[in-house]
Visitor: 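Got a structure here, written out as C-alpha cells. Questions coming.
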Number of protein chains: 2
Amino acid sequence: MNLCPKVEKAMQLLGKRWTGLVVKQLLDGPQRFSEIKAGFPISGKLLTERLKELEDEGIVTRKVYAEVPVRVEYTLTEKGRALQSVIGAIEHWAHDWLEVGEHAQ
Amino acid sequence: MNLCPKVEKAMQLLGKRWTGLVVKQLLDGPQRFSEIKAGFPISGKLLTERLKELEDEGIVTRKVYAEVPVRVEYTLTEKGRALQSVIGAIEHWAHDWLEVGEHAQ
DNA sequence: GTATTTTGTTACCTTTCGTAACTTAATATA
DNA sequence: TATATTAAGTTACGAAAGGTAACAAAATAC
C-alpha cells in the first residue's frame with residue numbers, strides 16, 4: 001500500500017514538536033501569544049515558527065490589536081477546529097494507556 | 001488550564017518525526033524492518049531509533065527469526081493497536097481538509 | 001528622555017536528523 | 001578455502017532543527 005499524500009502531509013504537520021499542543025491550547029478558544037506560551041515549555045522562537053506554519057496552512061488566524069503594548073490573538077479556523085477529533089483521540093488514548101513516571105511493563 | 005502529564009507524554013511521542021507513520025504502517029499487520037522502511041522515506045538509522053522507542057513504550061514488540069538472512073518482525077501490542085483511533089482521526093481530517101500541492105487560501 | 005510591556009527576532013550553541021559506508025551472521029557458490 | 005549474498009542494523013560525519021538569552025520595535029506613562 002502506498003501512502004496517500006494528504007495523510008502524509010497531515011502526519012508531517014502533526015509530527016512536528018509542539019504543533020499538537022498549540023492546536024490543543026487553541027481549542028479552548030482564541031488566545032494571545034503569551035497565553036499559548038504559558039501553556040507548555042515552548043520557546044518564543046519556536047512558538048512564532050509553529051504559529052506561522054499553522055497560519056500558512058489555514059489552521060490558525062492571527063489578529064493584531066494596536067493597543068499598548070500590542071496584543072496579538074490567535075484563533076483556530078474551521079479547518080483548525082476540525083482537528084478536535086484528532087486531539088480528542090490522542091487525549092482518550094493517553095488516559096486509557098499511559099502511566100506517567102514509568103515505562104510500560 | 002494546566003496540561004495533563006499523560007496527554008503531554010502522548011503529544012511528545014506522536015509529535016516526533018515518523019512515529020505516526022510507523023504506527024499507521026503496523027496497523028496493516030506485523031511487518032519486518034525492510035517492509036516498514038519501504039513505506040515512506042525514513043532512514044534506517046531513524047527507523048531503528050523510532051522502533052526502539054515504540055518498543056520501550058510497549059506499543060510495539062520485536063521478534064527475531066534466526067533465518068538466513070535474519071528476519072525481524074515488528075507487531076503492534078494492544079496499546080499500539082489502540083492508536084488506530086488517533087491514526088484514523090488524522091486520516092479523516094486529512095481527507096476532509098487538505099489539498100496537496102498548494103496551500104490553503 | 002526613560003521606563004514599561006508584549007511580541008517577536010537574532011546570534012550562538014546543542015541536539016536531532018540524513019547519508020553513506022561499514023558490520024554481523026549464516027549460508028551458497030566458485 | 002575464499003568470496004558473495006542478504007537483512008538488519010551501526011557508525012561517522014555534515015546538515016537541519018531546536019533551545020537560550022540578549023536585543024529590537026512600538027506606543028504610551030512618567
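Protein chains get the first letters and strands the later ones, always in sequence-line order, with residue 1 at the start of each.
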Visitor: Would you mind classifying the nucleic acid contact of B:Y65 as base, sugar-phosphate or nothing, using non-hydrogen atoms under 4.0 angstrom?
Guide: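 B:Y65: no heavy atom of the nucleic acid under 4.0 Å.
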Visitor: Mind grabbing the angle between the end helix axes of the helix from C:dG1-D:dC30 to C:dA30-D:dT1? Five pairs an end, 10° rounding.
Guide: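 Taking five pairs per end, the axes differ by 30°.
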Visitor: Within the distance-only criterion (no hydrogens, no angle test), does the side chain of B:W93 pair as donor or acceptor with the backbone N or O of A:G80 below 3.5 angstrom?
Guide: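 Here the side-chain-to-backbone pair does not exist.
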Visitor: Mind calculating the distance between CD (A:E73) and P (C:dT6) to the nearest angstrom?
Guide: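 Distance, rounded to whole Å: 15 Å.
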Visitor: Check side-chain contact (heavy atoms from CB on, under 4.5 Å) between B:A89 and all other residues, then give those that pass, not counting sequence neighbours.
Guide: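 side-chain contact (heavy atoms from CB on, under 4.5 Å) list for B:A89, sorted by chain: A:S85, A:V86, A:A89.
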Visitor: Taking atom P of D:dA7 as reference, at what distance in whole Å does atom CZ of B:R62 sit?
Guide: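 Answer to the nearest Å: 16 Å.
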Visitor: Output yes when at least one side-chain N/O atom of A:Y74 is less than 4.0 Å from OP1 or OP2 of C:dT7, else no.
Guide: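 No, no such contact exists.
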Visitor: Expressed in angstrom and rounded to an integer, what is the separation of A:F33 atom CZ from C:dG8 atom P?
Guide: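 Rounded to whole Å, this separation is 5 Å.
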Visitor: Round to the nearest Å and state the distance from B:R71 atom CZ to C:dT27 atom C1'.
Guide: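 So the two atoms are 17 Å apart, to the nearest Å.
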Visitor: Using only side-chain N and O atoms of B:S34, determine if any of them is under 4.0 Å from OP1 or OP2 of D:dA8.
Guide: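 Answer yes for this pair, as a side-chain N or O of B:S34 is under 4.0 Å from OP1 or OP2.
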Visitor: Nearest whole angstrom, please: distance from the C1' of C:dT15 to the CD of B:Q12.
Guide: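 Rounded to whole Å, this separation is 15 Å.
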Visitor: Between A:W97 and A:H92, is there a donor-acceptor pair closer than 3.5 Å when you use the side chain of the first and the backbone of the second?
Guide: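 No, because the side chain of A:W97 does not come within donor-acceptor range (under 3.5 Å) of the backbone of A:H92.
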Visitor: Please classify the nucleic acid contact of A:K37 as base, sugar-phosphate, or nothing, using heavy-atom distances under 4.0 Å.
Guide: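 If one applies the 4.0 Å heavy-atom cut-off, A:K37 turns out to touch nothing in the nucleic acid.
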Visitor: Strictly under 4.0 angstrom, non-hydrogen atoms only: write out the protein contact profile of nucleotides 13-30 of chain D, one letter per nucleotide from the 5' end, B, S or -.
Guide: -----BBB------BS--
Visitor: Residues two or more places apart in sequence or in another chain: which of them pass salt bridge (charged side-chain N to carboxylate O under 4.0 Å, His left out) with B:E53?
Guide: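 B:E53 satisfies salt bridge (charged side-chain N to carboxylate O under 4.0 Å, His left out) with B:K16, B:R50 once adjacent residues are dropped.
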Visitor: Shared ILVMFWY cluster between B:F33 and B:Y65, side chains joined below 4.5 angstrom?
Guide: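 No, B:F33 does not connect to B:Y65 through the hydrophobic network.
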Visitor: Could you tell me the separation between the NZ atom of B:K52 and the P atom of D:dG9, rounded to a whole number of Å?
Guide: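 Rounded to whole Å, this separation is 8 Å.
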Visitor: Supply the atom-to-atom distance A:E35 CD to A:Q25 CD, rounded to the nearest 0.5 angstrom.
Guide: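 These two atoms lie 8.5 Å from each other.
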Visitor: For A:F40, check ring-ring contact (aromatic ring centres under 6.0 Å, His included) against everything at least two apart and list the hits.
Guide: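 Here the qualifying residues are A:W18.
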Visitor: Atom CD of residue position B:E78 - does it have more than 12 heavy atoms of other residues, nucleotides or ligands inside 6.0 Å?
Guide: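 Atom CD in B:E78 is not crowded, with 12 or fewer foreign heavy atoms closer than 6.0 Å.
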Visitor: Taking salt bridge (charged side-chain N to carboxylate O under 4.0 Å, His left out) as the definition, give me every residue that meets it alongside B:R62, ordered by chain and number, with sequence neighbours left out.
Guide: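 For B:R62, no residue satisfies salt bridge (charged side-chain N to carboxylate O under 4.0 Å, His left out) once neighbours in sequence are set aside.
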